[in-house]
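Structure record follows, encoded as structure tokens.
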Amino acid sequence: MAVRNFAKEQLGEDRTGHGFDHIERVVNLTKKILKDETADRLITITAAYLHDISDDKLFADPAAQNELLNKFLADQNFSSSARTQINSIINNLSFSKTLTSNQYPLSPAGKIVQDADRLDAIGAIGITRAIYYGGSHAETIYDPQLAPRKKLTKAEYRDLTNETIINHFYEKLLNLKELLNTATAKKIAAGRQQVMLSFLAEFKAEWNAEK
Ligand code: ADP
Ligand code: NI
């Protein structure tokens, strides 16, 4: 499938936890959620494959990525309306976008892809990705003196100097459950939340030599 190959070409080399393995999991979760939701299947799955294609954390020149994406979609004969819908999903999906005041309402397709992307940030996979990301950004593992920050602004969220891997759970990952759109994703998230809570409790007990 051309869309899959294009996404693989663009993201296959990523080593910050947004690699093609993340994309494949998001696509699989998207397909699972789609079973219970009404949305355009082609647009939803295409957006899932391409949702990280112009992320400013991954690409030095997101505008160039956007151009590349639209050229690709036109070459694949996506209509102008389909291209607009896909662009609008990709550009408004991210967690950091939800921290800004002017949020753009997502389409039903966008809500599904957003849920799938968020599910891949929680549970056992989420724990692994947070540690992987933290390691690749030289983050501290844990600092009991450093209280998790409440209600982050976009600028604070990007400020890694004051972040620890454990605080990332309190500042973002444990809160994602409340932000989900679809019933299917909420159901999946409940179990994943428990996995994270057990992990954090065990981590702190071991940190304090309590067990
Ligand atoms: P989004 O694409 O929604 O903006 P991010 O790109 O910030 O999300 O996050 C991608 C992955 O990296 C997620 O699994 C997230 O939990 C993890 N991550 C992001 N920031 C940090 C951080 N400061 N410390 C640890 N993990 C992080
Ligand atoms: Ni993603």
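Each ligand, and each atom within it, is numbered from 1 in the order the structure gives.
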Quiz item: With no hydrogens and no angle check, is any side-chain donor or acceptor of Asn91 less than 3.5 Å from a backbone partner on Asn87?
Solution: yes
Ligand 1 to Glu163, heavy atom cutoff 4.0 Å, flagged ligand atoms 23 (N)
What I want to check is whether the side chains of Asp143 and Thr164 have a donor and an acceptor closer together than 3.5 Å.
no
> Under 4.0 Å between a Lys/Arg side-chain N and an Asp/Glu carboxylate O for Lys204 and Glu210?
Replying inline: no
_Does either side chain, that of Ser198 or that of Gln194, offer a donor lying less than 3.5 Å from an acceptor on the other one?_
no
The option among His168, Arg129, Lys172, Glu139 carrying the non-hydrogen atom nearest to atom 16 (O) of ligand 1 is His168
Only residue of Gln114, Lys111, Arg118, Lys186 satisfying side-chain hydrogen bond (donor to acceptor under 3.5 Å, both in side chains) with Asn181 is Gln114
In His22, the N/O/S atom nearest the Ni ion (ligand 2) carries the name NE2
At under 4.0 Å between heavy atoms, what of Leu173 touches ligand 1? The answer is side chain
Taking the Ni ion (ligand 2) as the apex, Asp52 OD2 and Asp117 OD1 span an angle, rounded to 10°, of 170°
Honestly, for Arg118 the part within reach of ligand 1 (heavy atoms, under 4.0 Å) is neither
